[in-house]
Asks: 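Right, I'll just put the structure down here and ask away after.
Proteins get letters first, then strands, A, B, ... in listed order; numbering begins at 1 in each. Model, not experiment: these values are computed from the prediction.
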Amino acid sequence: MYISRNFSTTPLNFIPKQFSQYHQQQIQSQRTQPFVPFSQLQNQRNHLESHLISTLNGCTSLTQIKQTHAHILRNGLEQCCYILTKLIRILTKMEFPMDYYAKLVFDQVQYPNPFLWTAFIRGYCLQGLVKESVSVYNCMRKEGTLPVSFTFSALFKACCTVLDVNLGRQIHAQTILIGGFGSDLYVNNSLIEMYVKLGFLECGRKVFDDLPERDLISWTKLIVAYGKIGNMESAGELFGQLPLRDMVAWTAMVTGYAQNAKPREALVFFERMQNEGVETDEVTLVGAISACAQLGAAKYANWIRGIAGNLGFNPSHCVVVGSALIDMYSKCGSVEDAYKVFEAMEERNVFSYSSMIAGFAMHGCANAALQLFYEMVKVGIKPNRVTFIAVLTACSHSGMVEQGRQIFASMEEEYGVSPGVDHYACMVDLLGRAGWLGEALNLAETMPVEPDGGVWGALLGACRTYGNPDIAQIAANHLFELEPDTIGNHILLSNIYASAGQWNDVSRVRKLMREKGLRKNPARSWLEAEKGVIHEFFAGDMTHPRSGDMKQVLEDLLNRLKAIGYQPNMNSVAYDMNDEDKRWILMAHSEKLALAFGLLSISTDSPIRIMKNIRICEDCHSFICGVSQITGRVIIVRDNLRFHHFHGGNCSCGNFW
DNA sequence: CTAGGGTTAG
């Protein structure tokens with residue numbers, strides 16, 4: 001028996017007929033025909049079937065599958081849907097094209113059951129052949145077979161892979177048309193997932209609202225979806241209505257807040273779930289660790305590390321927790337602790353390596369970053385696009401133009417990662433930071449991918465470092481179009497004009513900002529003093545109880561520094577005013593205030609760790625360099641981008657940032 | 001056969 005089914009690509013519009021009684025009887029009669037007593041046959045069959053199934057499970061090559069298939073045929077089981085379903089699933093898993101062998105197997109079956117049809121449909125779906133899978137579905141309906149829940153779930157997944165919401169809606173209509181599926185939870189959950197993944201969250205919500213019954217999975221799917229689009233209010237609302245909350249639902253809230261840059265809220269939920277006695281696993285921990293990374297404070301880092309340890313999730317055997325900890329320690333200012341975690345890990349994957357490389361890059365350890373990159377390649381871990389962003393950033397933050405170029409060129413050839421817009425942004429940054437503004441501009445204008453704000457922003461930043469208002473204006477024109485409301489771009493451009501003394505242009509940009517109603521994000525610095533208390537300072541802010549002492553400290557430092565040749569850098573002040581006023585403004589920059597407080601309050605044997613919300617200014621950078629020399633202290637400053645380690649009059653960034 | 005996960009640029 002061989003049926004050549006022709007899967008015509010008809011649209012999904014015919015009215016389904018009821019599952020044919022005739023077909024059901026056919027299948028039954030085939031099974032009850034033999035002369036041996038039914039029970040005995042059943043036993044024999046069961047034994048044979050389970051033997052064949054386990055043989056199939058052990059198949060690792062097409063030859064073995066073909067042998068087993070021959071075995072199936074020899075035993076007259078060519079109509080046994082149960083075994084053939086398994087066979088087709090194995091073929092699919094091994095990524096053989098469906099038309100190559102699976103179709104041959106399938107066409108021998110006269111009356112495939114819904115599971116066999118579905119395995120076949122799913123095979124096409126997983127291989128991205130969605131049209132074909134829909135055709136098979138049509139054919140199945142024409143032959144009078146009713147789908148099962150899993151059939152629709154496979155089809156909805158396929159709609160996601162081809163990003164076709166219209167097809168999804170048609171299949172959605174089918175689920176309603178065919179009795180019994182409109183309220184099927186499994187079908188509806190995958191339906192919600194499809195709408196959510198294709199960006200039609202409201203459609204998913206409507207399906208959810210209309211459901212007569214929901215399970216935890218429906219709720220959690222929507223909570224996660226709201227989190228992913230940054231709508232934590234709706235997520236929280238749903239979470240509040242949940243009749244029963246399990247670990248996964250709680251975790252969805254923790255990671256939702258963490259992913260939306262709301263680390264404090266994430267930790268509030270994490271603590272609440274612990275207080276309510278909900279279990280914690282490594283996924284929950286990862287969300288909490290990521291929240292602690294964003295807080296950037298050693299206090300939280302040690303706290304969460306302790307919790308993870310108590311629960312038995314140690315970097316040595318838990319890769320995800322280890323990778324998250326590497327990232328956290330790097331962001332909390334201790335690349336040493338990050339590396340300790342990395343070393344302790346017995347298993348490392350692309351996340352562990354990428355995080356560690358990014359950690360080194362962040363702290364200006366470019367050589368360590370490159371070395372680790374080559375080690376990773378050597379041990380056979382394939383770098384991905386994020387790895388390359390980290391490696392290229394390491395190069396650009398240390399002026400390693402040649403190494404950067406080399407790696408960029410090798411991305412596609414050697415590692416099969418085609419450079420995306422982010423990688424081009426890294427290259428523009430690399431060239432720009434090295435002072436090759438013309439070449440950077442040329443790359444931005446000729447790159448094969450459409451440049452985004454990151455590319456032009458990198459160029460604008462380089463113009464700031466090298467004082468080039470002309471190229472800055474070009475970059476800014478693009479930026480103002482792509483990101484009209486980003487305050488930082490305007491300030492950067494205005495500062496470039498200010499450094500060049502072009503005060504008319506400064507007021508032009510300032511006027512533009514006023515017209516757009518953009519307000520400056522105030523510069524602030526903070527540091528962690530005794531018992532983890534955080535002290536925060538704004539520029540010119542004299543409200544701290546120890547302001548008097550701080551001012552005294554700063555004046556002392558200024559005099560001692562002047563004696564060894566330090567000169568205040570007036571270019572760092574973007575206002576048109578006299579030098580005396582500029583001097584005062586410089587002295588009251590938030591990072592200097594924080595530094596003064598740190599010197600007063602932090603014991604001399606530990607480093608002073610300062611965080612800052614925006615880029616550190618040139619004058620503060622050289623000031624802190626000098627302070628590290630005359631006081632012998634180690635000072636670590638994290639700006640919005642990276643860490644500066646000041647020690648003995650030098651900075652780890654090599655005055656290059 | 002269904003729900004939660006870590007790395008990323010100016």
Asks: Classify A:N489 by what it touches in the nucleic acid, base, sugar-phosphate, or nothing, heavy-atom distance under 4.0 Å.
Replies: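 Base contact - A:N489 has a heavy atom under 4.0 Å of at least one base atom.
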Asks: Distance check needed: B:dT7 P versus A:Y339 OH, whole Å only.
Replies: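 Between P of B:dT7 and OH of A:Y339: 21 Å.
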Asks: Return the nearest nucleotide to the side chain of A:R433; candidates are B:dG6, B:dA3, B:dG10.
Replies: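 Looking only at side-chain atoms, A:R433 lies closest to B:dG10.
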Asks: Quick one: A:E282 CD to B:dG6 P, roughly how many Å, whole number?
Replies: 12 Å
Asks: Could you please name the option among B:dA3, B:dT8, B:dG4 that lies closest to any side-chain atom of A:V386?
Replies: B:dT8
Asks: Is any N or O donor-acceptor pair between the side chain of A:S354 and the base of B:dT7 shorter than 3.5 Å?
Replies: yes
Asks: Please give, in whole Å, the distance from B:dG10 C1' to A:I389 CD1?
Replies: 13 Å
Asks: Could you tell me the separation between the CG atom of A:L493 and the P atom of B:dG10, rounded to a whole number of Å?
Replies: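 Rounded to the whole Å, the gap is 19 Å.
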Asks: Looking at every strand, decide which applies to A:S190 at a 4.0 Å heavy-atom threshold: base, sugar-phosphate, or nothing.
Replies: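 Nothing: the residue A:S190, judged by heavy atoms under 4.0 Å, touches no strand.
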Asks: Looking at B:dG6, I'd like to know if its phosphate oxygens (OP1 or OP2) sit under 4.0 Å from a side-chain N or O belonging to A:K331.
Replies: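 So the side chain of A:K331 is outside the cut-off, no N or O lying under 4.0 Å from OP1 or OP2 of B:dG6.
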Asks: When you check the gap from the basic side-chain N to the acidic O, do A:K340 and A:D337 get nearer than 4.0 Å?
Replies: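 Yes, A:K340 and A:D337 are salt-bridged.
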Asks: Base, sugar-phosphate, or nothing for A:R385, non-hydrogen atoms under 4.0 angstrom?
Replies: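 Touches a base.
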Asks: Classify A:G453 by what it touches in the nucleic acid, base, sugar-phosphate, or nothing, heavy-atom distance under 4.0 Å.
Replies: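 Contact class for A:G453: base.
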Asks: Do you know which of A:F200, A:Y195, A:F156 makes ring-ring contact (aromatic ring centres under 6.0 Å, His included) with A:H172?
Replies: A:Y195
Asks: Given the side-chain rings of A:Y137 and A:W117, with only the six-membered ring counted for Trp, is the space between their centroids under 6.0 Å?
Replies: no
Asks: A:M232 has an atom CE; how far is it from atom P of B:dG4, in whole Å?
Replies: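 So the two atoms are 14 Å apart, to the nearest Å.
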Asks: Name the closest nucleotide to the A:L641 side chain, picking from B:dG6, B:dG10, B:dG4.
Replies: B:dG10
Asks: Classify the nucleic acid contact of A:V320 as base, sugar-phosphate or nothing, counting any heavy atom under 4.0 Å across all strands shown.
Replies: base
Asks: Is there a side-chain polar atom (N or O) of A:K228 under 4.0 Å from OP1 or OP2 of B:dG5?
Replies: yes
Asks: Just to verify, what does A:Y226 make a ring-ring contact (aromatic ring centres under 6.0 Å, His included) with, not counting sequence neighbours?
Replies: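 Per chain and number, A:Y226 pairs via ring-ring contact (aromatic ring centres under 6.0 Å, His included) with no residue.
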Asks: Side-chain N or O of A:Q259 less than 4.0 angstrom from OP1 or OP2 on B:dG5?
Replies: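 It does, given that an N or O in the side chain of A:Q259 lies less than 4.0 Å from OP1 or OP2 of B:dG5.
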Asks: For the rings on A:F373 and A:F388, is their centre-to-centre separation under 6.0 Å?
Replies: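 Between A:F373 and A:F388, the centre distance is under 6.0 Å.
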Asks: Which part of the nucleic acid, if any, lies within contact of A:N640, taking any heavy atom under 4.0 Å across all strands shown: a base, the sugar-phosphate backbone alone, or nothing?
Replies: nothing
Asks: Compute the centroid of each ring, for A:W250 and then for A:F270, and state whether the two points are separated by less than 6.0 Å.
Replies: no
Asks: Return the nearest nucleotide to the side chain of A:D246; candidates are B:dG5, B:dA3, B:dT7.
Replies: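 For A:D246, the side-chain atoms sit closest to B:dA3.
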Asks: Without decimals, in angstroms, what is the distance between A:L201 CG and B:dA3 C1'?
Replies: 15 Å
Asks: Within the structure shown, what part of the strands sits under 4.0 Å from A:V319 by heavy-atom distance: base, sugar-phosphate, or nothing?
Replies: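 The residue A:V319 makes base contact.
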Asks: Can you tell me whether the side chain of A:T251 and the base of B:dG5 have a donor-acceptor pair closer than 3.5 Å?
Replies: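 Answer is no: no donor-acceptor pair is held.
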Asks: Is there a donor and acceptor pair closer than 3.5 Å between the side chain of A:E483 and the base of B:dG10?
Replies: yes
Asks: NA contact type, A:R464, heavy-atom cut-off 4.0 Å: base, sugar-phosphate, or nothing?
Replies: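 Nothing, no heavy atom under 4.0 Å.
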Asks: Hey, is the side chain of A:H423 poking within less than 4.0 Å of OP1 or OP2 on B:dG10, counting only N and O atoms?
Replies: no
Asks: Looking for any heavy atom pair under 4.0 Å, which part of the strands does A:K157 touch: base, sugar-phosphate only, or nothing?
Replies: nothing
Asks: Would you kindly check whether a donor in the side chain of A:D281 faces an acceptor in the base of B:dG4, or vice versa, at under 3.5 angstrom?
Replies: yes
Asks: Heavy atoms only, 4.0 Å cut-off, all strands: where does A:D215 land among base, sugar-phosphate and nothing?
Replies: nothing
Asks: Can you confirm whether or not the ring centre of A:Y424 sits under 6.0 Å from the ring centre of A:F408?
Replies: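 Yes.
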Asks: At 4.0 Å (heavy atoms only), tell me whether A:D429 reaches a base, stays on the sugar-phosphate, or touches nothing.
Replies: sugar-phosphate
Asks: Which part of the nucleic acid does A:S396 contact within heavy-atom distance under 4.0 Å: base, sugar-phosphate only, or nothing?
Replies: nothing
Asks: Taking the side chain of A:D422 as heavy atoms from C-beta outward, which of B:dT8, B:dA3, B:dG5 is closest to it?
Replies: B:dT8
